[in-house]
Amino acid sequence: MTHQEIREKFLNFFKEKEHAIVPSSSLIPTDSSVLLTTAGMQQFKPYFLGEKSPFGNRAVSIQKSFRTSDIESVGDESHLTFFEMLGNFSFGDYFKREAIEWANEFLKLVVKDYKNRMHVTVFEGNDNVPFDQESYEIWKSLGVPEEKILKRGREDNFWGPTGNEGPCGPNTEIYIDGLEIWNLVFNEYFCSRDKKLILLKQKGVDTGMGLERLAMILQAKENIFETDLFAAPFEILLNRPENQQRSGRIIADHIRGSIFLLSDGVRSSNKEAGYVLRRLIRRILVHAKKIFIPQELIFDLIGKAIDFYSSVYEDLEKNKKLILEFFKEEADKFNLTLEKGLKEFDKRYPLKLGKRVQIEKKIGQDAFDLHQTYGFPLELIKELLNERFYQFDEDEFKKKIEEEFKKHQEISRAGVEKKFGGHGLSFDRDNLSPEFHNVKLHTATHLLHQALRQILGTEVKQMGSDITPERLRFDFSFSRKLTEEEKRKVEDLVNQKIQENLDVKKEEMSFEEAQKSGALAFFKEKYPKQVSVYSINGFSKEICNGPHAEKTSLLGHFKIIKEESSSAGVRRIRAILE
Ligand code: SER
């Protein structure tokens, strides 16, 4: 069965069950609490919460999805960054019985010997949510023997919410030949920002099945890269000697990911979605180098992939020229950096011809510089060192990365994970850099600091700051409780500055210069000679490592949640961006 046939079969199956066929939404979600669209349910989030859906209360879609969490696993049999997700949805309409029966019916229809190859999992229950007995009984009633209905915990069998808050619930997963292919989520709860579960008035169903994995099963392939979704456009990448296989697969996956991101309007930059795109493109170029694929061939492959997927996503064809141009621009930029970095590297570690001599010197600091200053991916650094017979000092490198991380620790690690998809994503320390952080609350902290000084007077000084995905917390010197009116004025001033859409600019200067220029410094911090100063156009100026939002309008709406005493003479404000 071709991928086109699978698409049609799935959509028609649910159309016959009165589902409206809804086109995929963009990879750039309207829900600003997630970085990229990671699942089919994302565009339907409001309808699970009771908002009236414009296409009735049953929907079916094939959604473009992107998961940064899987980037390190790409290259194995079944993981991808970009993939397409087949899903059916109920917004307060049918629930567990229909959802399970239909999934079972569909798979029986398309998977050979389904009964013997399948098993399922259901939620075993925990302190907050009971065992999903109902799903268990439904599977049993469909003739699935008990030993094939496994009970699993929260990690596997409770899904959501995406982002900071939203619908979520227990799920049941269907496996074929041990591979998870379909996840049926029963949205019974609303998870609030403070992680409380509240029963939803309206129950919903959100299912998701990876098209590539289903194609692998239906086309009887050993891995997703052998399916027609990859084989046709990327043949030349995938038929490689074994030691080049992983790189070939990574390039194929990343080409798909980057053309779809570019087509949906993502542009490479140093933060958020733009950084994800930049990273994909750089990895493509590095892996291409590694397996001797010239850059021209990469451009050909991008063109081929666009042509191939244009039969499903028309936008791609329209954007073809633009995608190729942006890709080329980014590649040129990276090549320049790479060249500069390589020159520097050559200077320090000249390539010695002749006999291989084992030099015991371990390289950590320089590896870190190459990574931070020139953006060299870690795998390339390791390879270069190996080529020149030096040892990579992993401990030293990690130590440096940790130090860098600590410099930015006011922006929480949890915030990063959340922002990157709400999937319990792994934190990618190999590629740790400040760009990864959730920056908006950080910029809001600067606005708040200045607003407080303006409304309450310059006795206000920063005493501490802490940011989690949910809120910022700011401690400052001030002798008494703020009045309601003062709080409102501070809020209004911050929101006014957000609406003015001010530029946030970074400058490098000496610490003395920074102080002379009136930039605020945090007295508890020890500053180096050379510092960065962030100014928010005419309003605030602080010595700070960043990173920050480029423009204040990106912040949304600022709200003070609480004002309280922190210690003698120190007040504490908690605030959020909505
Ligand atoms: N939202 C669930 C998932 O992404 C089911 O669609 O797995």
Side-chain angles (χ1 to χ4, degrees), residues 7 10-11 13-14 19 21-25 27 29-31 33-49 53 58-70 73 78-91 93-96 98-100 102-104 106-107 120-123 129 132 135 152-176 179-191 200 203-214 224 417-418 420-425:
R7 292 173 199 274
F10 185 80
L11 293 176
F13 180 87
F14 284 100
H19 289 62
I21 299 179
V22 180
S24 170
S25 65
L27 281 171
T30 41
D31 174 0
S33 67
V34 287
L35 193 66
L36 290 166
T37 299
T38 56
M41 60 80 67
Q42 218 128 19
Q43 66 165 322
F44 303 130
K45 220 166 149 180
Y47 315 135
F48 285 113
L49 302 177
S53 132
R58 291 181 187 191
V60 59
S61 70
I62 303 178
Q63 174 67 47
K64 292 179 279 187
S65 307
F66 195 102
R67 291 190 180 173
T68 45
S69 53
D70 289 333
S73 312
S78 59
H79 283 88
L80 295 166
T81 56
F82 171 84
F83 64 103
E84 292 175 85
M85 199 182 235
L86 310 164
N88 57 292
F89 306 88
S90 152
F91 317 119
D93 190 329
Y94 62 85
F95 202 44
K96 294 183 182 175
E98 290 88 336
I100 294 177
W102 290 341
N104 197 53
F106 180 78
L107 290 177
V120 299
T121 59
V122 298
F123 184 54
V129 181
D132 187 1
S135 295
R152 291 273 180 273
R154 199 191 187 296
E155 276 280 287
D156 299 309
N157 280 78
F158 191 95
W159 204 87
T162 56
N164 294 332
E165 59 180 4
C168 58
N171 58 309
T172 178
E173 291 177 340
I174 308 172
Y175 288 71
I176 307 282
L179 179 71
E180 179 206 329
I181 61 160
W182 203 343
N183 182 14
L184 319 182
V185 184
F186 304 119
N187 283 321
E188 292 178 75
Y189 298 95
F190 177 80
C191 179
L200 280 170
K203 289 180 176 171
V205 172
D206 147 31
T207 88
M209 170 157 60
L211 173 65
E212 294 77 0
R213 289 190 181 188
L214 183 63
I224 39 183
E417 291 178 348
K418 202 75 210 172
F420 272 69
H423 277 274
L425 307 182

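As the structure is a computational prediction, the values presented were derived from the model and not from experiment. Order of listing sets the numbers, starting from 1, for every ligand and every atom in it. Residues: numbered from 1 along the sequence shown.
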Ligand-residue contact atoms, ligand 1 with [X], heavy atoms, under 4.0 Å:
{"X": "Trp159", "result": "1 (N), 2 (C), 3 (C), 4 (O), 7 (O)"}
{"X": "Thr207", "result": "5 (C), 6 (O)"}
{"X": "Ala39", "result": "1 (N), 4 (O)"}
{"X": "Asn183", "result": "2 (C), 3 (C), 5 (C), 7 (O)"}

Is the backbone N or O of Ser25 less than 3.5 Å from a side-chain atom of Gln63, with the two atoms forming a donor-acceptor pair by type?
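Such a contact is found between Gln63 side chain and Ser25 backbone.
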With Phe83 via ring-ring contact (aromatic ring centres under 6.0 Å, His included) - residues at least two apart:
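If we apply the ring-ring contact (aromatic ring centres under 6.0 Å, His included) test to Phe83, skipping adjacent residues, there are no hits.
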Output all residues satisfying ring-ring contact (aromatic ring centres under 6.0 Å, His included) with Phe89, sequence neighbours left out; order by chain, then residue number.
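Per chain and number, Phe89 pairs via ring-ring contact (aromatic ring centres under 6.0 Å, His included) with Phe44.
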Look at the rings of His19 and Tyr94 and say which category their plane angle falls in: under 30° parallel, 30 to 60° tilted, over 60° perpendicular.
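Ring orientation of His19 relative to Tyr94: tilted.
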Verify salt bridge (charged side-chain N to carboxylate O under 4.0 Å, His left out) between Glu173 and Arg152, making sure each step is shown before the conclusion.
CA-CA 10 Å; Glu173 291 177 340; Arg152 291 273 180 273; over 6 Å; no
Does an N or O anywhere in Thr38 fall below 3.5 Å from an N or O of ligand 1?
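Thr38 vs ligand 1: no N/O contact under 3.5 Å.
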Kindly confirm or rule out an N or O of Gly208 lying under 3.5 angstrom from an N or O of ligand 1.
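In this structure, Gly208 places an N or O atom under 3.5 Å from an N or O of ligand 1.
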Looking only at heavy atoms of Met85, does any of them come nearer than 4.0 Å to an atom of ligand 1?
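Under 4.0 Å: yes for Met85.
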Under 4.0 Å, heavy-atom basis, I'd like to know which part of Val185 is in contact with ligand 1: side chain, backbone, both or neither.
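Contact part for Val185 vs ligand 1: side chain (C-beta onward).
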Is it the side chain (CB and beyond), the backbone, both or neither of Arg67 that lies under 4.0 Å from ligand 1, heavy atoms counted?
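Contact part for Arg67 vs ligand 1: side chain (C-beta onward).
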Measure the spacing between NZ of Lys96 and NZ of Lys203 and express it to the nearest 0.5 Å.
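Reported value, rounded in 0.5 Å steps: 7.0 Å.
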Quick check for you: to the nearest 0.5 Å, what is the distance between Ile62 atom CD1 and Leu11 atom CG?
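Here the rounded value is 4.0 Å.
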